[in-house]
Structure formats: structure tokens, C-alpha cells
Amino acid sequence: ECVYLCGNSLGLKPKAADTFVMAQLDKWAHMGVHMHFEDPLPAFTCDKYSKSSLGHLVGAAPSTVTLMNGLTVNLQLLMVSFYHPTKQRYKIMIEAHAFPSDRYAMESQARLHGYDPDTVLLQIKPRQGEELLRHED
């Protein structure tokens, strides 16, 4: 037994996941695109099922939260919206062991703006023999 605290992972698979996934795959096989609008769990409104739990988790009203995309997609959207490099400020700080897809998103942003990712990405990692980053680093 262990306590599973890997925050950048899918975590442990819920026991009921296979049943729910197979039900959706079967619905897709029999209904095609119409599955998006039919119970149980219509994909078109899938976000409504978790708004209450998510709101409680972050201390917000369910009407003020939403679930969207995966981390890499959200990072890409964030960078498209806010990364406006200049000749003096163009570096992107990234964890040295970030998911490859997260790294690709950052590299693509550098290229999009005409920069070489090897000079733009500032990889950070803990000091030798340590597990955590230090604020001063």
C-alpha cells in the first residue's frame, strides 16, 4: 500500500472506470455523433456533472468554474494569449522534467515567435542531491 501523490499524472484508475468507458464506447458504436446529446452522460454537457465538486474543491460557486482540455492544451492557450516576447524578455522557464507534450507546446511558442527553443527555454531543476526547487534558484 502507498499514498499516491503524483499531481501531474492521471492518478490511480477508479474501479468503475472500465464500466463507464465501455458504456460510452458502446453508445458511440450504436449512436454515432448523436451520443453527444443522449443520456446517460451526454458528452455535450459533460462539464455540468463535475461543477459542484470542482467548485467545492477550489472554494468557488459551481457557476464560476469549468473543466476544459488537458494541461498541455491549456498551457498552449495560455501562451498564445499571454506570451509576447521582446528582444529583452523572451525566456520561458520550464521544469526540466516536464511532460514531453508540455515541452513541445513551449518549443512551438518559441518557434512561432521566431526564436530558437534551445535559447528560449530556461530549464529549472533541483540542485544535485535535492528533490525540491529553492526559491533563490
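Starting from 1, each residue takes its place in the sequence as its number. The shown structure was predicted, so the numbers you read here are calculated from the model rather than taken from an experiment.
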Distance (rounded to the nearest 0.5 Å) between [X] [atom1] and [Y] [atom2]:
X: Asp102; Y: Thr72; atom1: CG; atom2: OG1; value: 3.5 Å
X: Ser101; Y: Leu71; atom1: OG; atom2: CG; value: 7.5 Å
X: Lys51; Y: Thr66; atom1: NZ; atom2: OG1; value: 4.5 Å

Looking at residues at least two apart in the chain, or sitting in another chain, which of them share a side chain to side chain donor-acceptor pair (under 3.5 Å) with [X]?
X: Ser108; answer: Gln76
X: Ser50; answer: none
X: Arg89; answer: none
X: Asp116; answer: none

Q: Specify the closest pair of heavy atoms between Pro42 and His36, including all atoms of both residues, with the distance to one decimal.
A: CB-O, 3.3 Å

Q: Would you name the heavy atoms of Ser52 and Pro62 that are closest together and state the gap between them?
A: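 Smallest interatomic distance, heavy atoms only, reads CA-CG, 3.9 Å.
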
Q: Using the side-chain contact (heavy atoms from CB on, under 4.5 Å) rule, take Arg134 and Arg127 through it: C-alpha gap first, then chi angles, then the decisive distance, then the call.
A: CA-CA 8 Å; Arg134 294 186 189 190; Arg127 294 178 184 191; 2.7 Å; yes

Taking the side chain as everything from C-beta on, heavy atoms only, tell me whether [X] gets closer than 4.5 Å to [Y].
X: Ile94; Y: Ile124; answer: no
X: Pro117; Y: Met106; answer: no
X: Leu132; Y: Pro126; answer: no

Q. What do the steps show when you test Arg103 against Leu121 for side-chain contact (heavy atoms from CB on, under 4.5 Å), and what is the final call?
A. CA-CA 9 Å; Arg103 179 177 306 288; Leu121 295 184; 4.1 Å; yes

Which residues, ordered by chain and number, are linked to [X] in its hydrophobic cluster, where ILVMFWY side chains connect at heavy-atom gaps below 4.5 Å, directly or through other members?
X: Met31; answer: Val21, Met22, Leu25, Trp28, Met35
X: Val73; answer: Met68, Leu77
X: Val58; answer: Leu54, Leu57, Val65, Leu67

Verify the neighbour count for atom [atom1] of [X]: are there more than 12 heavy atoms of other residues, nucleotides or ligands below 6.0 Å?
X: Glu136; atom1: CD; answer: yes
X: Lys91; atom1: NZ; answer: yes
X: His30; atom1: NE2; answer: no

Q | Qualifying residues under ring pair (Phe, Tyr, Trp, His ring centres under 6.0 Å), relative to Tyr104, sequence neighbours excluded | A |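 Residues passing ring pair (Phe, Tyr, Trp, His ring centres under 6.0 Å) with Tyr104: none at all.
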
Q | Contacts of type ring pair (Phe, Tyr, Trp, His ring centres under 6.0 Å), residue Phe37, not counting sequence neighbours | A | Phe44

Q: May I have all residue pairs that pass salt bridge (Lys or Arg N to Asp or Glu O under 4.0 Å) and include part of residues 14-42, sequence neighbours excluded?
A: Lys13-Asp18

Q: Kindly work out whether a path of hydrophobic side-chain contacts (I/L/V/M/F/W/Y, heavy atoms less than 4.5 Å apart) joins Leu133 to Met93.
A: yes

Q | Residues that Tyr83 engages under side-chain contact (heavy atoms from CB on, under 4.5 Å), provided they are two or more places apart | A | Met79, Pro85, Tyr90, Ile92, Gln109, His113, Val120

Q | Partner residues of Glu131 under the salt bridge (charged side-chain N to carboxylate O under 4.0 Å, His left out) criterion, sequence neighbours left out | A |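 If we apply the salt bridge (charged side-chain N to carboxylate O under 4.0 Å, His left out) test to Glu131, skipping adjacent residues, there are no hits.
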
